[in-house]
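All remarks here apply to the structure that follows.
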Amino acid sequence: MNTQSPNGEFAGSVGLVTGAGRGIGFAIVDELLKYGACVSLLDISEETGNKAISELEIKYKSSSSRLLFIKCDVTNKIEFEDAFKKTIEKFGKINIVVNNAGIMTKYITSWELAIDLNYKAVVHGTILGLKYIENKIDRNSAVINVASIVGLSNSILPMYQSTKRAVIEFTKSIGCLFNTKAHENNVRVMAICPGPTFDGLDNNIDEKNSLEHEIQELITSGEETPNPNRVIIIQNSDYYKAAFLHVMKNGQSGDIWIAENKEPARLTHFYTQY
Ligand SMILES: NC(=O)C1=CN([C@@H]2O[C@H](COP(=O)(O)OP(=O)(O)OC[C@H]3O[C@@H](n4cnc5c(N)ncnc54)[C@H](O)[C@@H]3O)[C@@H](O)[C@H]2O)C=CC1
Ligand SMILES: CC/C=C\CC(=O)/C=C/C=C\C=C\C=C\[C@@H](O)[C@@H](O)C/C=C\CCC(=O)O
């Protein structure tokens, strides 16, 4: 067991992040390490995971004792729960779970994988979080589910969008006051909805502009009354770090946050029609 870590707001915390070998998950691991946490980095790809670990060990010279790579397919229930057990074996506990692994699918391609990975594994990861996080009322304890802004937009991507909307509804309801009290689930469960996030495009402005245009067209084409002021600005994964920190510090259970267009994270408000 080794939860000793440098000073920082997550010193003494232990995070488990899924699909963390690259992209948004990797950025979250980086942020947790930066602020002193121990982290288990889960990824289905050994190659991606090992590359990520090497990079982080160079960046945080003494981080090897605070970092664990676990090759894990989160759609495999046994492997996923084993990853929680291995994390507790190494670091003594878990208090932050980030269900990040997900796949963007076009139309109805890979529809079963979209349900298994984008939705069922997030539900399972939340259930495991509620089971294994012991210090539930600690302000540093949380389950964070990564959804998408398209989970809040009008519909155009049948599988991707419906699974992301499902994550939002699941998170809102499991985290609502009624369920928190009725089931004594005192761990905060929240979701963050990133806008389009792509790494490596900062030096390729033409490609970035054309992707922004393509995504904007795609998203607004699903709207009955397209918002003429809707703007899509591609961010890179590093923009997600501040959003993650903000939600960890300020979020309440059941919250759905948006992190898009390189702007500070903002809370979504829902209006019930029925
Ligand atoms: N990139 C974007 O524009 C946006 C992404 N999101 C969501 O954010 C999350 C992360 O997205 P990105 O960083 O773009 O992902 P990415 O595709 O760059 O990385 C995903 C990582 O997850 C791993 N992975 C895939 N299947 C897995 C499985 N079954 N078990 C464990 N690991 C697995 C991959 O090996 C990869 O390292 C996803 O849930 C995605 O839907 C939401 C909004 C925008
Ligand atoms: C389009 C989704 C917009 C935003 C945010 C998000 O949640 C996840 C994004 C992850 C990857 C996005 C890839 C975008 C690819 C685009 O170049 C287009 O190829 C998407 C085009 C069509 C998708 C619709 C379809 O064929 O069903």
Side-chain angles (χ1 to χ4, degrees), residues 16-31 40-53 55-56 69-84 97-106 110 112-126 128 144-153 157 159-168 170-171 191-201 208 211-212 214-216 218-219 232-241 243-244 247 256-263 265 268:
L16 179 152
V17 186
T18 71
R22 65 177 195 209
I24 290 171
F26 179 81
I28 294 171
V29 173
D30 189 343
E31 197 68 350
S40 274
L41 183 161
L42 274 54
D43 206 287
I44 194 172
S45 159
E46 198 149 16
E47 194 187 341
T48 310
N50 285 331
K51 191 166 161 273
I53 294 282
E55 200 178 311
L56 291 166
F69 169 56
I70 304 174
K71 178 176 159 31
C72 172
D73 174 354
V74 294
T75 66
N76 179 318
K77 281 169 50 188
I78 294 169
E79 273 185 33
F80 200 7
E81 183 153 11
D82 271 354
F84 276 71
V97 174
V98 183
N99 291 305
N100 164 74
I103 181 178
M104 153 80 175
T105 62
K106 296 183 177 184
S110 309
E112 286 168 296
L113 176 61
I115 295 171
D116 288 347
L117 180 57
N118 293 358
Y119 185 52
K120 284 170 72 176
V122 172
V123 172
H124 189 212
T126 305
L128 291 172
I144 294 199
N145 296 330
V146 179
S148 164
I149 52 148
V150 300
L152 299 162
S153 317
L157 298 163
M159 293 320 303
Y160 186 67
Q161 214 162 352
S162 61
T163 54
K164 292 298 183 179
R165 180 84 62 112
V167 167
I168 289 167
F170 171 71
T171 305
I192 310 185
C193 300
T197 307
F198 293 87
D199 296 327
L201 288 183
K208 193 173 175 186
L211 194 54
E212 275 170 357
E214 189 183 349
I215 292 176
Q216 181 145 353
L218 181 70
I219 290 176
I232 294 286
I233 296 170
I234 288 179
Q235 56 195 3
N236 63 39
S237 298
D238 281 347
Y239 278 96
Y240 202 72
K241 292 176 176 172
F244 171 74
V247 172
I256 309 297
W257 291 81
I258 292 176
E260 66 167 358
N261 293 351
K262 304 182 178 180
E263 292 163 0
T268 312

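For ligands, and for the atoms within them, numbers begin at 1 and follow the listed sequence. Residue numbers run from 1 in the order of the sequence given. The figures here come from the full heavy-atom set of this structure, side chains too, leaving out hydrogens, waters and symmetry mates.
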Counting N and O atoms only, with roles assigned by atom type, does the side chain of Ser45 sit under 3.5 Å from a partner on the main chain of Thr48, one being a donor and the other an acceptor?
yes

Among the heavy atoms of Thr18, does any lie under 4.0 Å from an atom of ligand 1?
no

Given Thr163, Asn99, Ile24, Ile234, which one has a non-hydrogen atom that is nearest to atom 11 (O) of ligand 1?
Ile24

Can you figure out which of Lys51, Arg22, Glu46 has its heavy atom closest to atom 19 (O) of ligand 1?
Arg22

Is a donor on one side and an acceptor on the other found under 3.5 Å between the side chain of Arg165 and the backbone of Ser153?
yes

Asp199 side-chain N/O to Ser237 backbone N/O, donor-acceptor pair under 3.5 Å:
yes

Heavy-atom distance to atom 42 (C) of ligand 1: which of Ala147, Ala52, Gly102, Ala114 wins?
Ala147

Ion pair check, Lys71 and Asp43, cut-off under 4.0 Å
no

Contact partition for Leu117 relative to ligand 1, non-hydrogen atoms under 4.0 Å
side chain

Taking only heavy atoms of Gly23, which atoms of ligand 1 are found under 4.0 Å from at least one of them?
13 (O)

N/O donor-acceptor pair under 3.5 Å between Asp30 side chain and Phe26 backbone
no

Using heavy atoms and a threshold below 4.0 Å, how should the contact between Met104 and ligand 1 be classified: side chain, backbone, both, or neither?
neither

Can you tell which part of Val74 has a heavy atom less than 4.0 Å from ligand 1: side chain, backbone, both or neither?
both

Are any side-chain N or O atoms of Gln216 and backbone N or O atoms of Ile232, one a donor and one an acceptor, separated by less than 3.5 Å?
yes

Just by distance, do the side chain of Thr268 and the backbone of Ile256 share a donor-acceptor pair under 3.5 Å?
yes

Out of Tyr160, Phe80, Tyr240, who is nearest to atom 6 (N) of ligand 1 when you count heavy atoms only?
Tyr160

May I ask which of Ile70, Asp43, Asn100 has a heavy atom nearer to atom 39 (O) of ligand 1 than the others do?
Asn100

Has Gln235 got a side-chain atom pairing as donor or acceptor with Ala259's backbone, closer than 3.5 angstrom?
yes

What atoms of ligand 1 come within less than 4.0 Å of a heavy atom belonging to Val146?
7 (C), 8 (O), 9 (C)

Considering the heavy atoms of Pro196, write down every atom of ligand 1 situated less than 4.0 Å from one of them.
3 (O)

Expected output: side-chain Asn100 to main-chain Gly19 donor-acceptor under 3.5 Å:
yes

Ligand-residue contact atoms, ligand 1 with Asp73, heavy atoms, under 4.0 Å
28 (C), 29 (N), 30 (N)

Centres of the Tyr240 and Phe244 rings: under 6.0 Å?
no

Out of Gly19, Gly195, Gly21, who is nearest to atom 22 (O) of ligand 1 when you count heavy atoms only?
Gly19

Using a 4.0 Å heavy-atom cut-off, which part of Cys72 comes near ligand 1: side chain, backbone, both, or neither?
backbone

May I ask you to check if ligand 1 and Pro194 share an N or O to N or O distance below 3.5 Å?
no

Taking 4.0 angstrom as the limit and counting only heavy atoms of Thr48, give me the atoms of ligand 1 inside it, by number and element.
37 (O)

Partner of Thr18 under side chain to side chain contact (heavy atoms under 4.5 Å, CB included), chosen from Ile44, Leu117, Leu42, Asp73:
Leu42

